[in-house]
Amino acid sequence: MASDNEQDVVPPPPTIRNAYDTIKILLATDNHIGYLERDPVRGQDSINTFREILQLAIKNDVDFVLLGGDLFHDNRPSRDCLYEVMALLREYTLGDRPIQIELLSDPDEGKAPGFSFPAVNYEDPNFNIAIPVFSIHGNHDDPQGAGPQGALAALDMLSVSGLINYMGKVDLPVNAADAQQSGIAIKPVLLRKGNTRLGMYGVGNIKDQRMHFELRSNRVKMFMPRDKDDWFNILIVHQNRVAHGPQQSVPEGMFDDSVDLVVWGHEHDCRIVPESVAGKKYYVTQPGSSVATSLADGESIEKHVALLKIQGQEFELTPIPLRTVRPFVLDEIVLSEIADEENIDLGDRMAITKYLKKRVNELIDKANALWDERNERAVAEGEDELPRMLPIVRLKVDTTGVSELSNPVRFGQEFQGRLANPRDVLVFHRAKASAKRGPKVTADQPELSIDDPELSVAEKLSKVRVQTLVREYLAAQELQLLGEAGMSDAIETFVDKDDIHAIQTHVNGALKALMKGVQANGKEDLSDDGLDEIVDKVKEKHDQEYLERRGEEQPTKSKGKGRAADDSDASVDSMLMDIDAGGSDFEQPSEEERPKKKTRAPAKKAAPAKKAPAKGRGKKAAVSDDDDEIEEDEEPPPKTTKRTNRAAVLSQLTTTKKAPAKKATAKQATLSFAPSGRSSTRAAASRATKKMADVVELDSD
């Protein structure tokens, strides 16, 4: 038992012997099958390692395989991925080998509704299962959709086909009202082998805010046998273990005291040796990912799976290194420090490039030596020698004080055939430049909460949340056709779930519904102002319906286009309850933190030839060509503010954006790279806006 101030890394030495009642399990998490599947070099890495994991299961004669989530990298895996995974599972897990573990829990618990076959595949007399595979879902392959069968995951496809036993699928409440009355119920898979009884409690990925709240409120119900102390209980979770902000992780010391071992998925760095938790009797093992999906420090640690043996109340965990994982090495240099040691002129681009090539070559040699060392170790243990794989190398370069460098993509072309990642072998970054005031705010670059020049780099990183940035950016843009809530959710799905169709699907559906509503309500008044009012009414109605479906209340609207302050603490995340809103990164910003929207000046009644110009996106309202200037403070706005022609607004934006924007004076010189050939973001946005204006404008004849 660990003390409050100490944390033992290794559990007490067990006294397990290979007896008839020893349960043997192969543990693995975060396989991410399908990652970079289109890459000609690394496209098959994840599936090759998954094949090795199944081969290790056969070699070690395990009773079953336990996966900790993120079997697939994409929420909608491609047909190639499904084909490969289903073929491997059929090849290595089906057979006439007898199953030695007895299922004591209900075999129909979690089965597909409306069908007669059981949830556990080896209980189905129509299948010959040699090695069962149990798995929970992760954040990459979690259930999505709202069809007649409810939310479905890719694991549901493998489950109904009899290849995987899908566990840990928790039915979440659809709105905040239901969430107040219900918690999280975890029903176990109960197994027995001889005198050893095992309870597996799987919990698929749940938003960390929700999981944190449920654990803190003691509303996670684990259905355990009456003699729970005679069972060895394993909890399988897929959550953030490292804190990324308030309630952005799940504390490892908040689980039930009856748990003996926690298998932690989602974190990719390998901490597979069991670690004790202060004040708790259970241990935590974190196998990590089986393929590197980011070029970070944690991914460079050697990848492992584990052979877990359980006998009675004791367990033994043996790490097994994975041989089909590419060697990955990374290093970091500061050019300003290297310049003195290597006698390099920071203004000489050729000299810097020559030195960087030298360092990359050294890292390649280091990675190849690492592969050879692991290969020799495996051969000494009786394994076959594997051909050398192209390594992954990442060199982080601090370019503070350097005015010009080579293009990193062009730099990597020289290492084609020697590296698996030549396009991103280099990454440039700079130290924080001191500034007394922030950069000038433009319409395309609204001032966000992380733009405060007084914040340090660490403070900025702690404040960076995709949801916060998206909400602030959309609030600054004043969307005229799309709802902010729907766009925010679509962007979050695009980022978190790697769903490349999320934004396009939402925009197409929203515009289609908007056009249908406008045509249904715009039969009487099709003038410019009348059309604007109809569009606003339809958009407001759709926003209200969307928020009601999401279980939130729509913020109070003020007069005109401006957005009123939201006094409630309701979270943007629909899984976060109202009573748990304090201290969350998803809170609505306070009045002084909320991005201020530009208020529309009242339309000036003039001759038909001189309509009020469109509202600009700068800090001041637009004015007419003559000297009559509209001041917002002189008179209060009328009760009904007339809108200008929406198509005119959009078309004017496309013309005004062509003017070159003033650049803020930078104190540091910027790096000059070769042109990439792509058009600028502003030009692309202008073209998209013009197309939208052509679609929305209706014929008034």
Side-chain angles (χ1 to χ4, degrees), residues 36 39 41-42 242 268-270 289 292-303 325-374 388-435 450 455-462 464 666-676:
L36 292 182
D39 190 290
V41 178
R42 303 166 63 185
V242 178
H268 282 206
D269 51 323
C270 183
S289 65
T293 60
S294 64
L295 303 186
D297 294 344
E299 297 277 18
S300 64
I301 304 174
E302 187 177 9
K303 305 292 186 182
V325 179
R326 293 184 184 275
F328 172 30
V329 295
L330 76 166
D331 197 6
E332 185 172 3
I333 60 174
V334 181
L335 287 180
S336 59
E337 298 177 358
I338 297 297
D340 296 334
E341 301 174 4
E342 300 291 334
N343 194 22
I344 297 177
D345 182 10
L346 293 181
D348 188 347
R349 180 166 62 91
M350 298 300 297
I352 295 176
T353 302
K354 182 179 179 180
Y355 174 77
L356 293 179
K357 290 180 179 179
K358 172 186 173 184
R359 291 299 297 263
V360 171
N361 283 317
E362 293 174 355
L363 292 178
I364 293 176
D365 295 338
K366 180 180 178 180
N368 291 333
L370 183 63
W371 173 268
D372 294 339
E373 178 186 346
R374 295 174 181 174
R388 180 184 291 176
M389 301 178 68
L390 294 180
I392 301 174
V393 170
R394 165 58 63 88
L395 181 61
K396 301 178 182 178
V397 184
D398 188 332
T399 61
T400 304
V402 181
S403 59
E404 187 178 2
L405 283 173
S406 299
N407 188 300
V409 176
R410 185 180 302 167
F411 175 89
Q413 291 178 353
E414 184 173 329
F415 299 95
Q416 289 280 357
R418 300 182 59 203
L419 284 178
N421 62 319
R423 293 180 60 86
D424 54 3
V425 60
L426 291 183
V427 57
F428 295 141
H429 65 95
R430 290 177 176 271
K432 176 179 178 293
S434 59
I450 63 169
L455 296 178
S456 63
V457 175
E459 291 172 335
K460 287 185 177 181
L461 290 176
S462 66
V464 173
K667 292 189 175 182
Q668 269 188 339
T670 57
L671 299 178
S672 59
F673 297 123
S676 59

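Keep in mind that what you see is a predicted model, and the values were worked out from it rather than measured.
- Contact between Tyr355 and Ile333 at its shortest, heavy atoms only, is CE2-CD1, 3.9 Å.
- Side chains of Val334 and Thr400 form no contact here, defined as non-hydrogen atoms less than 4.5 Å apart.
- With contacts defined as side-chain heavy-atom distances shorter than 4.5 Å, the pair Asn421/Arg42 qualifies.
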Test Glu299 against Leu330 for side-chain contact (heavy atoms from CB on, under 4.5 Å), laying out the working first. CA-CA 10 Å; Glu299 297 277 18; Leu330 76 166; over 6 Å; no
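- Atom CZ of Arg410 sits about 13.5 Å away from atom CG of Leu426, to the nearest 0.5 Å.
- The 12-atom threshold is exceeded at CG of Asp345, counting heavy atoms of other residues, nucleotides or ligands nearer than 6.0 Å.
- Ala367 and Pro391 make their closest contact through CB-CB, 3.4 Å (heavy atoms, listed as atom of the first residue, atom of the second, distance).
- Here the side chains of Ser289 and Lys303 are in contact, with some heavy-atom distance below 4.5 Å.
- Counting heavy atoms from C-beta outward, Thr353 and Glu414 have side chains that stay 4.5 Å or more apart.
- Checked by atom type, the side-chain pair His268/Thr293 shows a donor-acceptor distance below 3.5 Å.
- The CG atom of Leu363 sits 11.5 Å away from atom CZ of Arg394, with the distance rounded to the nearest 0.5 Å.
- Using a 4.5 Å heavy-atom cutoff, the side chains of Val360 and Phe411 are in contact.
- Ala351 approaches Ile344 most closely through the heavy-atom pair CB-CG2, 4.2 Å.
- Atoms CG and CG, on Leu356 and Leu405 in that order, are 7.0 Å from each other to the nearest 0.5 Å.
- Contact between Leu390 and Ala420 at its shortest, heavy atoms only, is O-CB, 3.7 Å.
- The shortest distance between side-chain heavy atoms of Leu295 and Phe328 falls below 4.5 Å.
- The CZ atom of Arg359 sits 10.5 Å away from the CD atom of Glu332 when rounded to the nearest 0.5 Å.
- For Lys396 and Asp297, the salt-bridge test passes: some basic side-chain N is under 4.0 Å from an acidic carboxylate O.
- Using modelled atom types, no side-chain atom of Arg349 and backbone atom of Ser406 make a donor-acceptor pair closer than 3.5 Å.
- Scanning all heavy atoms of the two residues, the minimum distance from Arg388 to Trp371 falls at CA-NE1, 3.2 Å.
- Closest approach of Asp398 and Arg430 over heavy atoms only: OD1-CA, 4.0 Å.
- Side-chain contact between Val397 and Leu395 is present, with at least one heavy-atom pair separated by less than 4.5 Å.
- Here the CG-CG distance, from Leu335 to Leu346, works out to 6.5 Å after rounding to the nearest 0.5 Å.
- At most 12 heavy atoms of other shown residues, nucleotides or ligands fall within 6.0 angstrom of atom CD in Glu373.
- Looking only at side-chain heavy atoms (C-beta outward), Cys270 and Glu302 stay at 4.5 Å or farther from each other.
- Glu341 contributes atom CD, which lies 4.5 Å from atom CD1 of Ile338 (distance to the nearest 0.5 angstrom).
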